[in-house]
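Please read the structure below before turning to the comments.
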Amino acid sequence: MQTSENILELKGVKTYFSTTKGVVKAVDDISFSIGRGEIVGLVGESGSGKSMTSLSIMGLVPQPAGKTVAGEILFHGEDLLKKNDEQMRQIRGDKISMILQDPMVSLNQILSVKYQIGEVFRYHDKSILGSLKEMCIGVLKKVKVPSPELRVNDYPFQFSGGMCQRTIIGMGIANGPDLLIADEPTTALDVTIQAQVLQLMKQVQEETNAAILMITHDLGTVAQLCTRVLVMYAGRIIEKAPVNTFYKNPSHPYAIGLIKSVPVLGRKSDRLYSIEGQPPNLLNPPTGCRFAARCEQAMPICTQEYPPEVSLEADHQVSCWLFAEKGEQ
Amino acid sequence: MQRYIIKRFLFGLLTIFSTITVVFFVMRGLNPADPTAIMLPPDATPELQQRLKVKFGLDKPLIQQYGIYLKNGIVGDFGESFRYSEPALDLVVERIPATLQLTVSSLFFSVLIGMIVGITSGVKRDSLFDRVGRQLSLIGMAVPSFAIALFFILTFGVMWRIFPISGRGGLDHFVLPVVSMSLYGIAAFIRLSRSSMIEVLKSEYVVMAHIKGVPKIKIILVHALKNGCIPVITILGLVIPGLVMGSVVIETIFSWPGVGNLVMVSIFARDYPVVQVIVIFISILIVMSNLMVDILYAYLDPRIRYQ
Amino acid sequence: MDTLEAEGSVEAKSRARNRIPYIGLGFISIFLFVVIFGQWVAPYDYDYWDMANITQPPVWLEGGSWEHILGTDPLGRDVLSRIIHGSRYSLAIALSCIAVYGTIGIILGLISGFLGGNVDMGIMRLCDLWMGLPPIITAILVVSVMGPSSLAIIVYIGLSGWPGYTRIVRGETMSLAQNDFIRLARVAGCSKFRIITSHIFPNIVNTLTILITLDIGGLIILTATLSFLGLGTQPPSPDWGLMMNEGRQYITYAWWLIVFPGVAIMFAVLGFNLVGDWLRDVLDPKQKLR
Amino acid sequence: MTKEISIEVKGLSKHFPVTSGVIFSKTVGVVKAVDNISFSINHGETLGIVGESGCGKSTTANLVLGLDKPTSGQIIVQGEDVAKLKGESLFKFRRKVQAVFQDPFRSLNPRKKIRHIVSEPLMVHKVGSSWQIKQKALELLELVGINPQRADLYPHEFSGGQRQRIAIARALSLNPSIIILDEPVSALDVSIQAQILNLLMDLREKFSLTFLIISHDLAVVEHVSTHIGVMYLGRIVELSPAAELYKNPLHPYTRALLAASPVADPDVKLKAVLEGEVPSPMNPPTGCTFHPRCPDCKPECKSREHKMHEITPGHFVSCLNFSS
């Protein structure tokens, strides 16, 4: 959008889950794009569908209950949803990679670190580039795991949480991907370790120029790391904005409420703003705006029809009737 | 790792020793029946009975008998069989190979077939193969092995006369006992390895492996299989005592000249020295197999190796 | 991933709910019906000797008659009646065994898991040693002291089965004790007794239900096996295992003596296993118990 | 409001033995989960304790609640030493101090109706007749914003935020004067977190409660506390009034923590990041436990342990750089 070249573009993607109670619309008609070298934050509360968005891009939506039923996921202009399993496998871990939330469970505890890093090379025909062990040590060096020559033979349970997450980041960037998806990469870590990992990711991004899709619920992390923000609520994206605009001048009532409800260090107020109520059930989402029930500025139309996406500026879009034509009636 | 194995080994020795002790006191102390009464004709004089008691050392106080038993046991003398007037140890030892052949081969088939079918079921969950396998394994776990054995004797032995139904001889003698002894184990291992596989395939590190672009077959063979084996091995330790029980049943039905057959005969004849030796043999067998399970555990799970 | 997992478990649970094991419930209902009303349903007494019709084949074979639908044994006893009466032995023995070792196991497990420390250590070591004592040895010991009888079976299984329950209950108790609601119960001033009875026990009832249902099947098999070996119930009782033992010598010409009791065992066990499996899917979606 | 001391902790330590062995266990070391900490909270004030996982903050909560016995030191709550309480006196103490814990999914017994969850403390302490208890439970639910008509539902029918409200209602049931909050909002979503924090602050006002709040989130602690203590490896390294701590952090660890907490404002950028990881509490570094990671480490820091020094009134720090 603001950069000339889009690495990834999602158009009207819907990922649904069929359960016996009905269809859960985990991701419902979302569109966005990521340019080369951008760090985009995808913000939302638990259950808003942000993890499902990332798994949809990876083609790893849990089968057979879940399925991406509509839309296009264009990666370098090619639709990932049209690729077969083997083609997707070759892209994963090479051109697109991903970091999961809990480092202690996303590494296999009974396989050595060397083996697990080595897989990234072995299955993408990179092993001809040199000795596998050297390459693994190189990965650990890049993410600043201390004494990598010794630690490479260790098992994940001998690593601390921070080191595990470094290793996973290392595996993610080992083949120089164009896109790195990070799903809550620091949530399970302590504050000081979290800062180290964020700094590492920023540094890695500068070195490799990979685009990063940062999925998080933590507005602090987004402010520190991202260039652009997408806000997700109940399966839909409700606002897209550059990071400065988002924090200074948010438009959607939910985004405003979200920012105001976070306590900020050094800016103590008597009361926090709080959004009353609970997010809707995705099994039977309301027909209109999904935030209408909790919104202080809700109008009659909000509960009847889903608002269109309105551009406030070139790179600032919002889905809210307050800004759409019909809503002003 | 070595410390772990040594600890397990010492614990095994303690188990064997306590088994011997419990068995000795229960059989000789709590037992109301006098073994000499069974050995002698009903009209034997008390004097004859007393002489027999002295011969077998049964006249001394129990604790002293126990001391003598332990002392002689160390040099391999476990007394004479009341019934056969042969050293009890020799009687049992000559039957051990027959029992081991039976139990080891059934264990082998149970684990091999059970795991192959179970893992395939777990990977291809809800497929036709899985559904059929699941039903068959449920039925397999509902039929006692003695019933299967009798059913096989009835069909293959009596009606069609394909396989011999008693005794030990060529390979054809093995078929019915081994198959009837393995079926329950196969069914149990199918269910176990299936659920363990399903569990493992749901885990985050399998998702991570997919993210890295590892081919599916490698994920199953390397990531899932190794992790999925750990609970299966845990159960292996519990299956082995059951196997000993199974061998008693199967040996009795097929007149297999093994330890299991001997133990039934000896119990009803109150031939304590033989029963005691068999008990020692069984507990050594179980302790050794548990030790092997522990070693296997350590081999598969580095968390134990680096303890 | 949290939503994903939540959805997954909801799905597994409701899928299991929809797949009610009608076959298993059917088998169990027939079994229980026969246990309760067997006296009136069975055409004959289990020890009635119809000397005029010895070793009669089932009704559909040549020589069979409607008087003895499943045939008779060499003493002229009606096989169907014996199977019907035998159901009571199977269930009674299985339930008594569970009552004995379940009580010991649950109490020790609760104590061990909740109190921890040296008490826990002691109970666990006892469990280890006990499990090292192979079950067949316990059986041999009990039978050689008490002589073969159904009481001996109950004593033997009751003595050897408890460590399994203790371990499971202990594990559940320990993981429950980690839960904040137990800490909060202490903060509220609840006594240890109250915490165990009103906070821990209600939360392990599901686990126990599954365990017991799955155990009944296994125990029916085990007791039948012991009776078959002659270590359990004695003639003329119509225990299914014993019936098969007695029928063994006539295998060449009276197959019905072993096939029908065997089928009865299979259906009864299958019923409990199917229902137990289903209960596990419904009550234990995390599949802690395999 | 009088400056009456509600909780006073003096030289409190809790050491856990580390045992090993298959048959016989022997002690192979100790984890100093809490090591010689002191603080006091005046009536109506709120002390926040921040620190990373394993720093001993939850152990501190358990000790103050009397759920664990300290290895040494005193916890004086309204004139009584908690560690010495037994039987009847401990039971009475429970009325004064209640708690709210982190995980709303694990802090309510899933097998009980929420009415019973809220009224259990009243029943255990036999406060009033069963009818009165029932009424009180409904009032409490109303107070925390749960519709009393839902009192006969089970916890799984409520969302995380609602469950935390129910847990708060239960904590209030015995009219305590002190509530220990152990990570009360860290399992909740941002918008729900604000609801709960506001509720807690309203209740503090209404019932003039004293809070001890424990969290890893500095921003949350700063928002609700009047005083803050920073813990590292079992020790309090800095203790000060909340506003003062943010404006003038002294201990290098406090500064690092402030720098590392991502602020929800793109203009405030992450500052210097602390190197290394928290050492194992089984094998803590000698001297000042923070010295291996400290940017201002001096040679003496490796050998000398430090005491707390009062730098300005009410602002204590344990660091060689400030021990005049």
Side-chain angles (χ1 to χ4, degrees), chain B residues 11-12 14-16 18-19 22-23 26-27 30-33 138-139 141-148 150-151 153-154 157-159 184 191-192 195-196 198-199 202 204 207 231 235 238 240-242 244-245 248-249 252-253 260 263-264 267-268 270 272 275 278-279 282-283 285-287 290, chain C residues 1 5 8 24 27 125 128-148 164 217-218 220-222 224-226 228-231 240-241 244-245 247-248 251-253 255 258-259 261-263 265-274 277 280 286-287 290:
Chain B
F11 191 75
L14 185 70
T15 313
I16 295 176
S18 50
T19 308
V22 169
V23 170
V26 172
M27 292 206 78
L30 286 177
N31 209 320
L138 264 172
I139 295 172
M141 285 192 72
V143 192
S145 56
F146 72 89
I148 291 176
L150 290 180
F151 179 72
I153 289 179
L154 193 65
V158 177
M159 282 165 63
Y184 187 87
R191 287 165 55 83
L192 183 69
S195 63
S196 159
I198 288 173
E199 187 71 13
K202 275 194 289 194
E204 299 267 307
V207 176
I235 296 299
L238 299 174
I240 289 166
V244 175
M245 181 92 182
V248 172
V249 174
T252 307
I253 294 179
V263 76
M264 290 308 294
I267 288 175
F268 287 113
R270 300 194 186 279
Y272 301 144
V275 174
I278 293 176
V279 166
I282 294 175
S283 44
L285 189 75
I286 287 173
V287 165
N290 280 341
Chain C
M1 301 303 277
E5 243 163 51
F27 288 160
R125 288 296 152 268
D128 285 347
L129 277 178
W130 211 270
M131 284 174 115
L133 200 69
I136 186 73
I137 294 179
T138 335
I140 292 170
L141 287 181
V142 171
V143 169
S144 63
V145 171
M146 298 182 61
I220 292 177
I221 289 188
L222 185 58
T225 306
L226 290 171
F228 176 79
L229 288 174
L231 298 174
W240 295 341
M244 292 179 78
N245 184 17
R248 225 181 108 199
I251 195 165
T252 44
Y253 60 94
W255 56 264
I258 56 162
V259 169
V263 170
I265 295 177
M266 186 179 102
F267 282 144
V269 176
L270 197 58
F272 283 104
N273 283 358
L274 282 168
D277 258 15
R280 184 177 49 190
K286 283 191 205 135
Q287 303 268 322
R290 281 172 209 279

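Here is how names work: the chains are called A, B, and so on, in the same order as the sequence lines, proteins then strands, and each is numbered from 1. These numbers were taken from a predicted model, which means no experiment stands behind them.
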Minimal non-hydrogen separation, B/Phe11 against C/Asp128, with atom names:
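Shortest heavy-atom contact: CZ-CB, 3.4 Å.
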Taking all non-hydrogen atoms of both residues into account, name the closest pair between B/Ala142 and C/Leu270 and its distance.
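Minimum heavy-atom contact is CB-N, 3.7 Å.
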Can you tell which part of [X] gets under 4.5 Å to a heavy atom of chain B, answering side chain, backbone, both or neither?
X: C/Leu229; value: both
X: C/Leu222; value: side chain
X: C/Asp277; value: side chain

Please examine the side chains of [Y] and [X], heavy atoms only from C-beta on, and report whether any two atoms are closer than 4.5 Å.
X: C/Phe228; Y: B/Ile253; answer: yes
X: B/Ile148; Y: C/Met266; answer: no
X: B/Val158; Y: C/Trp255; answer: no

Interface residue of largest heavy-atom contact number with chain B, from C/Thr225, C/Asn273, C/Val143, C/Asn245, under 4.5 Å:
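Maximum pair count with chain B is reached by C/Thr225.
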Show your reasoning for whether side chain to side chain contact (heavy atoms under 4.5 Å, CB included) applies to C/Val269 and B/Met141.
CA-CA 8 Å; C/Val269 176; B/Met141 285 192 72; over 6 Å; no
Rounded to the nearest 0.5 Å, how far does OG1 of B/Thr19 lie from CH2 of C/Trp130?
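Taking CH2 in C/Trp130 and OG1 in B/Thr19, the distance rounds to 11.0 Å.
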What distance do C/Arg125 atom CZ and B/Leu14 atom CG have between them, rounded to the nearest 0.5 Å?
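Spacing of CZ (C/Arg125) from CG (B/Leu14) equals 10.5 Å.
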Under 4.5 Å heavy-atom distance to chain C, tell me which part of [X] shows up: side chain, backbone, both or neither.
X: B/Val23; result: both
X: B/Val263; result: side chain
X: B/Ile286; result: side chain
X: B/Val279; result: both

Quick one: of B/Thr252, B/Val22, B/Leu154, B/Ile139, who has the most non-hydrogen atom pairs under 4.5 Å with chain C?
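The candidate making the most pairs under 4.5 Å is B/Leu154.
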For each of B/Ile16, B/Ile235, B/Val143, tally heavy-atom pairs with chain C at distances under 4.5 Å, and name the one with the top tally.
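Between B/Ile16, B/Ile235, B/Val143, the count favours B/Val143.
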